[in-house]
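Okay, structure first, notes after.
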Amino acid sequence: MPLRYAVETCPDDATVLHLKLNEAVDNGGRVVNVIWQPEHEVVDRSTYDDVRIKVDAAYVIILEYFEAEP
């Protein structure tokens, strides 16, 4: 069976994370990893003055799905 992977994000909220993980499993997915990313700033170098952009804390969810054989 071939595998398909998906990456989802959700806000830094345990309730939302719980709902997204349950939804993924209900849809036949397997949770491979969950990564928490803290709040941080990134620099937008496409502008002349290197604008700093605030990125909120969030979870990154890596999922694996089995695809049915044709």
Side-chain angles (χ1 to χ4, degrees):
M1 286 185 134
L3 297 175
R4 178 176 58 90
Y5 292 90
V7 176
E8 292 190 25
T9 60
C10 82
D12 187 15
D13 182 326
T15 303
V16 176
L17 176 63
H18 181 79
L19 292 172
K20 281 201 167 268
L21 293 175
N22 283 339
E23 178 184 349
V25 171
D26 290 344
N27 291 331
R30 183 175 79 96
V31 178
V32 175
N33 202 350
V34 177
I35 303 165
W36 178 73
Q37 176 178 309
E39 180 180 303
H40 62 284
E41 288 185 345
V42 294
V43 177
D44 181 3
R45 299 206 186 274
S46 66
T47 61
Y48 175 73
D49 51 356
D50 290 344
V51 176
R52 292 189 175 275
I53 301 170
K54 179 184 161 205
V55 178
D56 293 331
Y59 289 100
V60 178
I61 307 164
I62 301 165
L63 303 165
E64 178 180 69
Y65 294 93
F66 289 101
E67 291 187 345
E69 293 286 340

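For reference, positions follow the sequence shown, starting with 1. Atoms considered below: every heavy atom in the structure, side chains included; atoms not considered: hydrogens, waters and symmetry mates.
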* Spell out, yes or no, whether Ile61 and Tyr5 are grouped together once hydrophobic residues are joined by side-chain heavy atoms under 4.5 Å, including indirect joins. => no
* To do: Would you mind listing every side-chain hydrogen bond (donor to acceptor under 3.5 Å, both in side chains) that reaches into residues 25-34, with sequence neighbours excluded?
  => Arg30-Glu64
* Side-chain touch Thr9/Gln37, heavy atoms, less than 4.5 angstrom -> no
Would you tabulate the side-chain donor-acceptor contacts of residues 14-21 under 3.5 Å, counting partners in other chains and residues two or more places apart, or write 'none'?
from  : atom 1 : to    : atom 2 : distance (Å)
His18 : NE2    : Asn22 : ND2    : 3.0
Lys20 : NZ     : Glu8  : OE1    : 3.4

* Asked: Who passes side chain to side chain contact (heavy atoms under 4.5 Å, CB included) against Ala24, sequence neighbours left out?
  -> Leu63, Tyr65
* To do: Kindly work out whether a path of hydrophobic side-chain contacts (I/L/V/M/F/W/Y, heavy atoms less than 4.5 Å apart) joins Val31 to Val60.
  => no
* To do: List for me each residue that meets side-chain hydrogen bond (donor to acceptor under 3.5 Å, both in side chains) alongside Asp50, sequence neighbours excluded, and say none if there are none.
  => Arg45
* Who passes side-chain hydrogen bond (donor to acceptor under 3.5 Å, both in side chains) against Asp12, sequence neighbours left out? -> Trp36
* Heavy-atom pair of closest approach, residues Val34 and Tyr59 -> CG1-CD2, 3.9 Å
